[in-house]
Amino acid sequence: MTAVHLLTALPCEAKPLVDHFRLKRQMGEAAFAIYSNENISLTVSGIGKNAMAAATAYTHLLFGKQTNSVWLNIGVAGHLEKPIGTPFLAEKIYDADSKQSHYPSFVTPQPCDSQTLSTFSQPQTHYPESSLCDMEASAFFEIASRFSSSELIQCLKIISDNEENNADKINPKQVSSLIEKQLPLIDTVIKNFTELTNSLPATVNEIPLLLSDRWHFTTSEQRQLKELLQRWKLLSPEQPIEESSLPSTSNRKELLHWLKEKVDSFDIVLESKER
Amino acid sequence: MIDTIYIEEAVFEHPRTKSILDRFPKARQIKCERYGEVFNPKAQNFRLQKQNPSLILAEKFHGHLQEAPLGYSIGAKKNYYFSHMLNCLYDCRYCFLQGMYRSAHYVLFVNFEDFQQEIRQIVAKKNDEEIHFFSGYDCDSLALEPATGFADSFLDFFATLPDNALLELRTKSTQVRSLLERDPLENCVVAFSFTPDETARALEHKAPNVQRRLDALKKVQDKGWKIGLRFDPMIYQNDYHSQYEILFETVFQQIDPALLHSVNLGVFRLPDNFFKKLRNLYPDEILFASPMESTRGMMAYKQEIEDEMTQSCQEQLLRYIPREKYFPCTY
């Protein structure tokens, strides 16, 4: 199940990632070049905020609208003076058009330095005083945070140009090389995020057949039932619901009442966690 | 401990900001316009953020003081609470803050003096009427004391107020040095919160254990400060009766009745929407699988459990304290 979504603006940014993660091109996808393996997807958006916003939303839909996925925008960026090849995570993403700022949350250990990242609609001839600059990050963050939580969304940018080495001097091969050199760092960032998302517990999402075969629940009843099953699982994990113990009623409300009475009668023993 | 600090641009030069930044020289500093940009966005997961919260230094412009909910009292008719800080260093699973805020970051309002000015205005209006000011409502009053100097500042301030204006510091912390280094104030109560050891181990993550809290309480009491005891929330478990019996016995062995100001007791309850959010955040938490029911928008233990717990713990408590020092939480 794909839980990590990588987005790049350019095919040359994507290439080393496709090779490294052994991603396969998704056939039949014409709007964007999309690659994936079992756990990771990679979408190449094209340049600019609109393209990135569309690609982020498209990726979310294509991979099943999962919650708590990891979203990572990887690409190159400019800076007034930072050396070419230096990687940075975005600590603040400033949209130069809307003047709005976004703040990814830093929960996991950070394997590289961080900087403010400003996103512009047009290529910049002058670098901002104290931030990285790109053309996609604010749109990426804004859209990705509709689908996941800000602790699981990041932009990793590698300096490709500065005042001494202007953007028009770089070619796609050099961009690929800059990304390729940071693959160990990218591995670490993905590993940290994956551990973080795996720390979230699973909940009861399926209603067992022994119940759904006999009773047809409304949406509201399904919600109540899942809550009761979750409580049952927590309070009496050793004693699953057995068909023979179920009441003979065909009335759904009576069944829910029976379940509630049963769960309310379980022992409550809080689990100690030693400090 | 804190590796990222967001700072509102307007308070960047504030002396309190500078002293806090000096305490965390390695922390990444990120400027923001208003703290809400970081604290309020919808796409945040309290549970994930609580693994490594950041500090936000901000300024509070209005609403420094709020009237306390009815039933939130330790003897005065007029009760106010104020929050120099939002969120707590500790991670108590029953805490309503998890339901109230989207973010687990700590917001510290550095303009203490504006809170103090509003307190002074309220006190001036009420003449001799007893007024209580609660500081540990949206945070622990002392947990971040070495960095914030909150108690130091507010104790200096309350020392200038008449005795009818009383400050409650509410804490689970052992950060009591600022109290031990000064003479006790007549108009301050240092209130320690307790649950039985088994509950604390299961639910009060990152907080000092019961014995360490008691050790801190003892030191504060020996220095002559008035003490409060807060058994709120009471948490239900099968063995709750004997657990609270042991807790009360352990605590009251240490208490000097002459310095005991007040004791309160309140059963676990949360507004329905907070409870729902907490259960979604922690579906693996047994506390939220307990037998609860919603009444008038509040989720609490089933009435028979609540009544039994209240009666049992109240009876036990009143063996140790006079009734006039007992204040059940009824809000």
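A note on names: the letters A, B, ... follow the listed sequences, proteins ahead of strands, and every chain is numbered from 1. Note that the coordinates shown come from a computational prediction; the quantities given were computed from them, not determined experimentally.
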Side chain, backbone, both or neither: which part of A:E91 has a heavy atom under 4.5 Å from chain B? both
Counting heavy-atom pairs under 4.5 Å with chain A, which one of B:T4, B:T199, B:L281, B:I286 comes out on top? B:I286
Residue B:Y6 versus chain A: region with a heavy atom under 4.5 Å: side chain
With sequence neighbours left out, write down each residue that passes salt bridge (charged side-chain N to carboxylate O under 4.0 Å, His left out) with A:E195, or none if nothing qualifies. A:K191
Bottom line for A:E227: the part with an atom under 4.5 Å from chain B's heavy atoms is side chain
Who wins among B:Q49, B:Q51, B:E33 for the most heavy-atom pairs under 4.5 Å with chain A? B:Q49
Please tell me whether A:D97 and A:S121 have a donor and an acceptor in their side chains that are separated by less than 3.5 angstrom. yes
With chain A, the option among B:H105, B:K42, B:Q237, B:Q44 that has the most non-hydrogen atom pairs under 4.5 Å is B:Q237
For side-chain hydrogen bond (donor to acceptor under 3.5 Å, both in side chains), just list the numbers for B:R28 and A:S114, CA-CA rounded to whole Å, side-chain angles, deciding distance to a tenth of an Å, and then say yes or no. CA-CA 8 Å; B:R28 168 195 299 118; A:S114 60; 2.8 Å; yes
Say whether, by atom type as modelled, one donor and one acceptor occur between the side chain of A:S105 and the main chain of A:E151 under 3.5 angstrom. no
Counting neighbours of NZ on B:K218 that are heavy atoms of other residues, nucleotides or ligands and sit closer than 6.0 Å, is the number greater than 12? no
Which answer fits A:K260, side chain, backbone, both or neither, if we ask what part of it has an atom under 4.5 Å from a heavy atom of chain B? side chain
Cut-off 4.5 Å, heavy atoms of chain B, and the answer for A:P104 is backbone
Using the ring of each side chain (for Trp, its six-membered ring), is A:F88 parallel, tilted or perpendicular to A:H79, with breaks at 30° and 60°? parallel
At a 4.5 Å cut-off on heavy atoms, which part of A:L235 comes close to chain B: side chain, backbone, both, or neither? side chain
Tell me, out of B:C32, B:P53, B:A104, who's got the most heavy-atom pairs with chain A below 4.5 Å. B:C32
Of all of A:T108, A:V107, A:N68, which one pairs up most often with chain B through heavy atoms under 4.5 Å apart? A:V107
Residue B:K50 versus chain A: region with a heavy atom under 4.5 Å: neither
Can you sort out the partners of B:D307 under salt bridge (charged side-chain N to carboxylate O under 4.0 Å, His left out), two or more places apart, ordered by chain and number? none
Classify the angle between the aromatic ring planes of B:F275 and B:F288 as parallel (below 30°), tilted (30 to 60°) or perpendicular (above 60°). perpendicular
Contact class of A:L152 relative to chain B, heavy atoms under 4.5 angstrom: side chain
Which region of A:T197, side chain (C-beta onward) or backbone (N, CA, C, O), has a non-hydrogen atom less than 4.5 Å from a non-hydrogen atom of chain B, or is it both or neither? neither
Just checking, any donor-acceptor pair under 3.5 angstrom between side chains of B:Q175 and B:S173? no
Please flag which part of B:Q29 lies under 4.5 Å from any non-hydrogen atom of chain A: side chain, backbone, both or neither. backbone
Given the options B:L48, B:D239, B:N52, which has more heavy-atom pairs under 4.5 Å with chain A than any of the others? B:L48
I want to check something: taking the side chain as every heavy atom from C-beta on, are B:V267 and B:I305 in contact at a cut-off of under 4.5 Å? no
